[in-house]
2 protein chains.
Amino acid sequence: MNQSINVRQMPNSGAKTSCQYCSLSNLCLPLALDNSDMKKLDDVVNRDRILNRGEQMFTQSAPFRSCFAVKSGAIKTSVITESGEEQITGFFMPGDLVGLDSMSDDTHASTAKALERTSVCEIPVDQLENLAHVMPDLQHHIFHLMSQEIRNSHQLSVLLSKNTAEERIAALLLSLSSRFHRRKLSSTHFSLPMARNDIANFLGLAVETVSRVFTRFQNQGLIRARGRDIELVNIEALQIMALGNPQA
Amino acid sequence: MNQSINVRQMPNSGAKTSCQYCSLSNLCLPLALDNSDMKKLDDVVNRDRILNRGEQMFTQSAPFRSCFAVKSGAIKTSVITESGEEQITGFFMPGDLVGLDSMSDDTHASTAKALERTSVCEIPVDQLENLAHVMPDLQHHIFHLMSQEIRNSHQLSVLLSKNTAEERIAALLLSLSSRFHRRKLSSTHFSLPMARNDIANFLGLAVETVSRVFTRFQNQGLIRARGRDIELVNIEALQIMALGNPQA
DNA sequence: CGGAATTTTGAAATCGGTCAAATGGCGTGG
DNA sequence: CCACGCCATTTGACCGATTTCAAAATTCCG
């Protein structure tokens, strides 16, 4: 039910957990850093900001001052078009860095909202840039993360323009599966952090279509779904399905 | 017919044009730099690589060593899915930097191909990172460019998942228009660098649909199109069209 | 426990895709 | 300079996956 990741407590402290003692350090920004550099990063991080389900972390067009690392819970980001439509651009899980799409401007390019109770670490961008300047590994790592974000978005574009409803949903389930796996959680049995509505929006489908595909998958014995509780029964079949028409 | 940008010649030289004397310096990487820094950048740039139409600048999965700045001509980038389908992820014009989506890996995340005769400047990434390390403005500028790339891709996602064929094509025409404008070319009369096929692929449509929409637009008096030669007759109407259903 | 929100299910409508074929443009070579 | 042939573009008719509209069923929380 709860796919958040427990944060190992610092031995002698009930206080905020430093990067060194955070179980996410192998996923998050500190990944690239040695101990002394991690300390410096540690100093600029504002820890333990808690968001309730539905609460916004930042909103599009608001002044851009910080990126956020997800500690537990889950975040969705979305852009609002001029015609008022929302497009979800990503789901962020513990260890992910949110807000990189805003680094080209002094205002946020998207809105970030908590999908459930979520705790985050805030990292002021000006300080992050300063650190990156003196720490080549950090600079490199940020380049890496931003580039990864571009790739993810390109993958989404492919999904949206080339794949059927079934293929998109299979791909999303597998993507979530592998992300849970990387976080040492079960890759076959998890709880969706987002509503059907969010899935539909993200994948460019109608909610009804998402619902129908879920039941179809269930009837075909590919998954077992009860509400947000999902079990991947036949991963291989899902993988084949996600690939789409294989004769292209 | 030719929307390439002339490169101002260095007064006393028929040789390669340095960044200082390149008319694109206000669009390209040097944008962020003062004269002495520009010199250093200049030293690491391999100039005057020429690609013929259809020639590949780099291919997906090939070792990633350099980014490329477009000097004249036009480039398209695309990703190939596991099932062998191509999705064009961007069109790059003079002053644009190609290859940023590959900075998360040591292999290219996409393939880049020249749409017409194109000249580019090659910038080795390791040297670019070194320079960024000593030049905070350059680092900031690269963050900016990468973030912009994320935004662009998000915009594409919105287009693909929320907009009709007409809206997508109107949006593309307007986007090209503004990009030509920023390069001091006509924003109402230009030559498309890409084929209908590329437009269709980029926008997630069938070629036939693109063709139909073009003729529909022409009949409605929004544009005049003969082959790749495009004239935007009623920009306001196109803008309204690109917005999509305004009652959402 | 109750009411609202989410999810599911059904039937009908549609936009864009697919298939097929005609037309047009352009470079090459005679 | 023209004719050929190839490839890009256009046009037409039909089809199908997904959307839309409507309503029931279920779940979620306060």
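So that the names make sense, note that chain A is the first sequence line, chain B the second, and so on, each numbered from 1.
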**OP:** Kindly state which residues belonging to residues 209-219 of chain A come within less than 4.0 angstrom of DNA chain C, counting heavy atoms of the residue only, listed by number.
**Re:** Ser211(A), Arg212(A), Thr215(A)

Rounded to the nearest Å, what distance is computed from the [atom1] atom of residue [X] to the [atom2] atom of nucleotide [N]?
X	N	atom1	atom2	answer
Asp198(A)	dT6(C)	CG	C1'	11 Å
Glu166(A)	dT18(D)	CD	P	7 Å
Asp229(B)	dG25(C)	CG	P	13 Å
Leu192(B)	dA8(D)	CG	P	15 Å
Met194(B)	dA8(D)	CE	C1'	15 Å
Arg196(A)	dT19(D)	CZ	C1'	19 Å
Asn197(B)	dT18(C)	CG	P	12 Å
Leu115(A)	dC28(D)	CG	P	16 Å

Original post:
What class does the angle between the rings of His108(A) and Phe64(A) fall in, given that below 30° is parallel, 30 to 60° is tilted and above 60° is perpendicular?
Top reply: perpendicular

**OP:** State, yes or no, whether a side-chain contact exists between Phe91(A) and Leu176(A) at a heavy-atom distance under 4.5 Å.
**Re:** no

Original post:
Any side-chain heavy atom of Ser187(B) within less than 4.5 Å of one from Leu232(B)?
Top reply: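 Answer no - side chains too far apart.
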
Original post:
When all nucleic acid strands are considered with a 4.0 Å heavy-atom cut-off, which category describes Arg53(A): base, sugar-phosphate, or nothing?
Top reply: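 Sugar-phosphate: the residue Arg53(A), judged by heavy atoms under 4.0 Å, touches backbone atoms but no base.
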
Subject >> N/O donor-acceptor pair under 3.5 Å between Asn201(B) side chain and Glu86(B) backbone >> reply: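 Flag set: sc Asn201(B) to bb Glu86(B) pair under 3.5 Å.
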
Original post:
Any idea which of dT7(C), dT20(D), dT19(D) is nearest the Glu208(A) side chain?
Top reply: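 My answer, after comparing the listed nucleotides, is dT20(D).
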
Original post:
Testing Lys71(A), Arg179(A), Arg182(A) for salt bridge (Lys or Arg N to Asp or Glu O under 4.0 Å) with Asp96(A), which one passes?
Top reply: Arg179(A)

Original post:
Going by atom types alone, do Ser161(B) and Gln87(A) pair a side-chain donor with an acceptor below 3.5 Å?
Top reply: yes

